[in-house]
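Indexing begins at 1, ligand by ligand and atom by atom, following the structure's order.
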Amino acid sequence: MKIVCIGRNYAAHARELGNEIPDAPILFLKPPSSLIGNGGTVILPAVTQDVQHEVELVVRLGTGGTNIAEADALAHVDGYAVGLDLTARDLQTEAKKKGLPWTLAKGLDTFAPLGDFAPASAVPDPQALRIRCVVRGEVRQDGFTGDMLHPVAALIAYVSSVMTLEPGDLIFTGTPEGVSPLHDGDDVFAEIDGLPPLRVTARRA
Ligand code: MG
């Protein structure tokens, strides 16, 4: 199983980090060891001082494929969930400056909280969903999946054109604007219309 993540898939988020808006989707991977479930604890490790939340719609492949056609792509999805693409922003900024990979910034233990899945049939249109992240009761991110630069079907087509997708693979589809740092003890609540919500607590290691 692999966890494919998409960077800069909402224009306003790309701008808030001072990034250019890419033509093609930006891909990176997280290791399965970064996954935790609803109710879990996010560990803020000593290696970073700036862990930020990125709430994202997560797609799970039911059937895989290579070169999946965009018109067919949503039929390959068997479930949708709320996910958090946690990011050590200080390490990512350093990596970007040096032209190094994002693996450390994105792949730390507990950096991929994932809620329970709703069946694909419960989500008739993945581009018509409100997506929110609330930290300590304060709304930090409040976006709309229709603002994705590359919608879910296009992402599946693109990813499967460069790496074969397999049943059970996950795609984190990018985050809207409003990312901010997490601190010890923070209660993080993430929700997307029609999906089981996700709640985790952050703890300093
Ligand atoms: Mg992200």
Name of the [X] atom (N/O/S only) found closest to the Mg ion (ligand 1):
{"X": "Asp85", "result": "OD2"}
{"X": "Glu56", "result": "OE2"}
{"X": "Glu54", "result": "OE1"}

- Query: Does CG in Asp184 sit with more than 12 non-hydrogen atoms of other residues, nucleotides or ligands closer than 6.0 Å?
  - Reply: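 Above 12, so yes.
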- Query: Does the side chain of Met163 reach to within under 4.5 Å of the side chain of Val4, using non-hydrogen atoms?
  - Reply: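 Yes. Closest side-chain heavy atoms under 4.5 Å.
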- Do Ile171 and Leu61 touch side chain to side chain, with heavy atoms closer than 4.5 Å?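 Yes. Closest side-chain heavy atoms under 4.5 Å.
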- Report the residue from Asp187, Asp116, Asp186 that forms a salt bridge (Lys or Arg N to Asp or Glu O under 4.0 Å) with Arg199.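 So, applying the salt bridge (Lys or Arg N to Asp or Glu O under 4.0 Å) to Arg199 and each of Asp187, Asp116, Asp186, only Asp187 qualifies.
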